[in-house]
Amino acid sequence: MQNDRLIIAGREFTSRLFVGTGKYKDFAETKKAIEASGADVVTVAVRRVNITDRSKENLLDYLDPKKYTILPNTAGCYNVEDALRYARLARAAGVSDLIKLEVLGDERTLFPDTVGLLEAAKILVKEGFIVLPYTNDDPIVAQKLVDIGCPAVMPLAAPIGSGLGIRNPYNLKIIMEMVKVPIIVDAGVGTASDAALAMELGADAVLMNTAIAGAQDPIAMAEAMKYAVYAGRLAYKAGRIPRKLYATASSPIEGML
Amino acid sequence: MMAAAIQIQVNGEQRDCRAGATVGDLLRELAIKTERVAVELNLEILDRKDFDHRSLKPGDRVEILSFIGGGGPMDVYGKGRDSVHAE
């Protein structure tokens, strides 16, 4: 898989695992886990600077923007206006036009508000943003996001932070077959097998945060995820055998006594 | 004579500021490196190269933002919302 590069909007990535940077004990742990994951793309949120305690370190002191692609998100935005504001602030603070667009519909499920998402995506694409939308596992909405001009689509596997794994593999599979841009399965992964399954289905990448940061040993889990994504991708490329109800002998009958 | 002080709001908190000070002056006073922040002045996002040209007026609302750790929204609000355990 030497030349198996992921390309999104002209940018090439070696790793197909994208990781979030939230929920870690400290920046040192964040850095170690991200190194262990082998990820090229890391997501960050945009928030007020702590002006009363300037001793607080900056996340980007630990994550070299030359080494990693920093993908700011609009996490915590529940309407189009807020999402636009945060996206524009992220661009003003950052180094690129990349934005992981989240417009959430409900605090309990954190499911995307796909109506708001489409509206915000349309505006941001027009403003020159490279919009990577966090969306539902809805093939029709995924296609609409592509039509608007999103260079990749990020459907959820399960609610954010739930660790429930892939709840609807069939919808994800339909999205992967229908939509002709990279599909990044985002949110809901619980453990390595979930990530492998996403890749075996044909996902181009997997994005996760809680599954790594919330593990007993985040650094070990980051490494597990690296291998899971790699193994899943290899298996997908290799082409699995069809499922059959009955056995097929692997050893020949010929030559038996 | 001391420069007169004006009242502004920075990240939601009232603050005294020297009359005639620019956004750039405020950032320097707060020891905030300009290369990794976004600044909003009364809801207008400023271009970094304008920080030293925009002077502050009484009642101005300044927001200074930067990148923090985050993946999904729950990370931002902390453990309080981490209550979904279906297993």
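Every chain is numbered from 1 and lettered A, B, ... according to where its sequence line falls, protein lines coming before strand lines.
Interatomic distance, CZ of Arg88(A) versus CD of Glu44(B), reported as 12.5 Å (0.5 Å rounding). Here the straight-line distance linking atom OG1 of Thr52(A) with atom CD of Glu13(B) works out to 5.5 Å at 0.5 Å rounding.
The candidate with the highest count of non-hydrogen atom pairs below 4.5 Å against chain B, out of Ile70(A), Leu59(A), Leu63(A), Leu89(A), is Leu89(A). Ranked by heavy-atom pairs under 4.5 Å with chain B, the list Val46(A), Val42(A), Leu71(A) is led by Val46(A). Chain B forms the most heavy-atom pairs under 4.5 Å with one residue out of Ala93(A), Ala92(A), Ala90(A), and that residue is Ala93(A).
Applying the side chain to side chain contact (heavy atoms under 4.5 Å, CB included) test between Val49(A) and each of Leu27(B), Val10(B), Ile64(B) identifies Ile64(B) as the sole match.
Surrounding CD of Glu81(A) are at most 12 heavy atoms belonging to other residues, nucleotides or ligands under 6.0 Å away.
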Item to check | Criterion side chain to side chain contact (heavy atoms under 4.5 Å, CB included) on Ile68(B) and Val44(A), from CA distance to verdict | outcome: CA-CA 6 Å; Ile68(B) 65 148; Val44(A) 298; over 6 Å; no
Checklist entry - Which is it for Leu30(B) and Ile51(A) under the side chain to side chain contact (heavy atoms under 4.5 Å, CB included) test, yes or no, and what are the steps along the way? => result CA-CA 7 Å; Leu30(B) 293 168; Ile51(A) 54 165; 4.0 Å; yes
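Heavy atoms closer than 4.5 Å to chain A are found in both the backbone and the side chain of Arg36(B). Using a 4.5 Å cut-off between heavy atoms, Glu35(B) contacts chain A through its backbone alone, with no side-chain atom that close. Neither the backbone nor the side chain of Arg91(A) comes within contact range of chain B; no heavy atom of the residue lies under 4.5 Å from a heavy atom of that chain.
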